[in-house]
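Just so we're clear, the structure is a prediction, and the values are computed from it rather than from any experiment. Residue numbers run from 1 in the order of the sequence given.
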Amino acid sequence: MPPNLTGYYRFVSQENMDNYLRALDINVVLRKLVCLLKPDKEIIHTGDHMVIRTITSLRDYVMDFDVGVQFEENLEPVDGRKCQTTVSWEGDQLVCEQLGEKRNRGWRHWLEGDRLHLRMTVEDEVCVQVFQKVK
């Protein structure tokens with residue numbers, strides 16, 4: 001049985017965000033701004049339904065989906081694209097595949113103790129973020 005990821009998580013650290021954003025063709029000014037942000041995550045996990053909110057001082061991004069069901073994800077606020085997205089469980093990791101213009105795009109979330117890890121990929125770039133559960 002997969003873990004329940006419900007909780008509120010505060011940003012701790014990130015690695016390689018600038019290169020990840022560059023691979024998404026984000027302009028240099030926006031890349032620099034995004035790299036300064038310290039997003040929080042709020043996850044509501046009820047059975048096979050999940051809502052993942054990424055909360056920043058600039059803009060929030062909400063993913064609302066059913067695990068295992070493909071949907072069109074509007075990533076226009078992020079990089080101006082839309083993807084066919086499927087989120088599923090691989091063991092204890094929540095894995096997202098985003099099919100569209102960019103190769104190897106997606107992410108995975110997993111818990112280690114009270115820390116939420118996020119590994120985002122696009123093309124050959126990988127960005128890792130870590131969050132601390134606060135409630």
- Work out which heavy atom in H45 is nearest to a heavy atom in L5; give both atom names and the distance. ND1-N, 3.1 Å
- Message: I need the minimum non-hydrogen distance between R119 and W110, along with the two atoms involved.
- Response: CB-CZ3, 3.8 Å
- Item | Sole residue of L116, D92, V95 in side-chain contact (heavy atoms from CB on, under 4.5 Å) with H109 | L116
- Message: Checking D40 against Y8: is there a side-chain donor and acceptor pair closer than 3.5 Å?
- Response: yes
- Task: With sequence neighbours left out, write down each residue that passes side-chain hydrogen bond (donor to acceptor under 3.5 Å, both in side chains) with D124, or none if nothing qualifies.
- Result: R103
- Item | Check: Q14 and F131 side chains under 4.5 Å, non-hydrogen atoms | no
- Apply side-chain contact (heavy atoms from CB on, under 4.5 Å) to Q98 and L75, showing your working. CA-CA 10 Å; Q98 297 165 315; L75 291 163; 3.9 Å; yes
- Task: State whether D64 and R53 are salt-bridged, where the test is any N-O pair (Lys NZ or Arg NE/NH1/NH2 against Asp/Glu carboxylate O) under 4.0 Å.
- Result: no
- Message: Which residue is it: E73, E72, R105? I am looking for the one with a side-chain hydrogen bond (donor to acceptor under 3.5 Å, both in side chains) to T85.
- Response: E73
- Message: Would you say that K32 contacts D18 through its side chain, given a criterion of any heavy-atom pair below 4.5 Å between the two side chains?
- Response: yes
- Of all heavy-atom pairs linking L58 and L33, the shortest is CD2-CD2, 3.8 Å
- R10 side chain to Q132 side chain, donor-acceptor N/O pair below 3.5 angstrom: no
